[in-house]
There are 2 protein chains.
Amino acid sequence: MARSPSKPITEHLAYLLAQANREINRQLDARFRKEGVPVEQWRILKVLSDGKGHSMGELAEAVLLNHPTLTKMIDRMVSDSLVYRVQDADDRRKVLMFSSDRGKALTQRLNSLALSQEAFIAESYGNKATADLKRLLESLIEKAN
Amino acid sequence: MARSPSKPITEHLAYLLAQANREINRQLDARFRKEGVPVEQWRILKVLSDGKGHSMGELAEAVLLNHPTLTKMIDRMVSDSLVYRVQDADDRRKVLMFSSDRGKALTQRLNSLALSQEAFIAESYGNKATADLKRLLESLIEKAN
DNA sequence: TGGAAAATATTGAATATTCAACGATTCCGG
DNA sequence: CCGGAATCGTTGAATATTCAATATTTTCCA
């Protein structure tokens, strides 16, 4: 008896997520191209835009990067004068990250590029579908933790 | 007048997708750990499991990898005797990839690990939510292309 | 309080990915 | 049918990421 064919890769949730993620990221990257900034740096800048200092660990968690990768990306951003390090006085193991003025200005430009992308998506995809998708993703993430 | 705070990163579709993708992939990777195979190799093996030869370009598209990355991953898989190359007789620029017997056996073990993960997700997340999410992702991907 | 254990961030080596350039083959207009 | 342009896959160099090990500081408990 022949084995029944297994479910195609395109029907797996993990694959659909990877595919959607890749496509959306690619589009966002294309918009960020003219600023020469990868999506991860936008996330970092955005988290830092509250003006409060954020530790490396906190940042790594928030921007979905592991510690060594973040350290090296921050090194580059420091070279570009987008962010700076301050040792935490209360816990000297920690380093607090802050956005520079240059970083803040860049953040605003990136934010508007990102918003325009979201608008573009919502337009072709529909507001309801977008909202539903976001809600489902939030709930999946919550369940997965 | 103070600038109104911009939308937090956690409310962006691109971020939610990245977060969900990372989490699901991490879980899948954990299950694949004992076979020592990254998720990408499972995708490759799965696509090749139809027994037909697939060109590198076709594969790269299907498994969401760009050409040079795929070439090098295939090199490793050839070393591990999971797949093999055959030059396409009809178009000698092309290389057709096939899964070896060893590759096929591994594919089946990986498939069942993947299915068990899907079952696990559907259990805590709900069948309806899972189906809705898949449908929305498919539709997003379609619109994005 | 002393010192082992935990938490935090960085480093260096190993590994993987990406970008640009290349070689081989096929396609196609004239 | 010839020759330039396009397609396909690979390679090497540059870049980025990851893993394991390290240094520093703090926590905690015996």
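Here is how names work: the chains are called A, B, and so on, in the same order as the sequence lines, proteins then strands, and each is numbered from 1. Remember, it's a predicted structure, so these values are computed and weren't measured experimentally.
- The distance from atom CE of M97(A) to atom C1' of dT10(C) is 13 Å, rounded to the nearest whole Å.
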Could you pull out the protein-nucleic contacts involving nucleotides 11-13 of chain C (nitrogen or oxygen on both sides, under 3.5 Å)?
unit_1, atom_1, unit_2, atom_2, d
dG12(C), O6, K72(A), NZ, 2.6

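- With a 6.0 Å radius and a threshold of 12 heavy atoms from other residues, nucleotides or ligands, E58(A) has its CD atom above the threshold.
- Geometrically, R85(B) does not engage F98(B) in a cation-pi contact defined by less than 6.0 Å to the ring centre and at most 45° from the axis.
- To the nearest angstrom, C1' of dT17(C) lies 15 Å from CD1 of I74(B).
- Listed candidates were dT10(D), dT17(C), dA9(C). Nearest to the side chain of V95(B) is dT10(D).
- For the pair D90(B) CG and dT7(D) C1', the interatomic distance rounds to 16 Å; values are reported in whole Å.
- Atom OH of Y84(B) has more than 12 heavy atoms from other residues, nucleotides or ligands within 6.0 Å.
- In this structure, CG of N66(A) is placed 13 Å from C1' of dA20(D), rounded to the nearest angstrom.
- Rounded to whole Å, atom P of dA16(D) lies 8 Å from atom CE of M73(A).
- Partner of W42(A) under the side-chain hydrogen bond (donor to acceptor under 3.5 Å, both in side chains) criterion, out of T107(A), N111(A), D29(A): N111(A) alone.
- Between the side chains of S49(B) and K104(B), no donor-acceptor pair of N or O atoms lies under 3.5 Å.
- Taking a 4.0 Å limit (strictly below) on heavy-atom distances, residues 40-63 of chain B reaches DNA chain D at S55(B), M56(B), G57(B).
- Remark: P of dG9(D) and CG of L65(B) are 14 Å apart, rounded to the nearest angstrom.
- To the nearest 0.5 Å, atoms OG1 (T10(B)) and CD (E138(A)) are separated by 7.5 Å.
- Contact of R93(B) with dT7(D) (side chain to base): a donor-acceptor pair of N or O atoms is detected under 3.5 Å.
- One interatomic measurement links the two molecules: CZ of R92(B) to P of dC27(C), which rounds to 11 Å at whole-angstrom precision.
- Within 6.0 Å of the CD atom in E123(B), the count of heavy atoms belonging to other residues, nucleotides or ligands does not exceed 12.
- Counting only N and O atoms by type, the side chains of N127(A) and T130(A) include no donor and acceptor under 3.5 Å apart.
- The stretch residues 17-39 of chain B has no heavy atom under 4.0 angstrom from DNA chain D at all.
- If you take CG of L70(A) and C1' of dT8(C), they are 12 Å apart, rounded to a whole angstrom.
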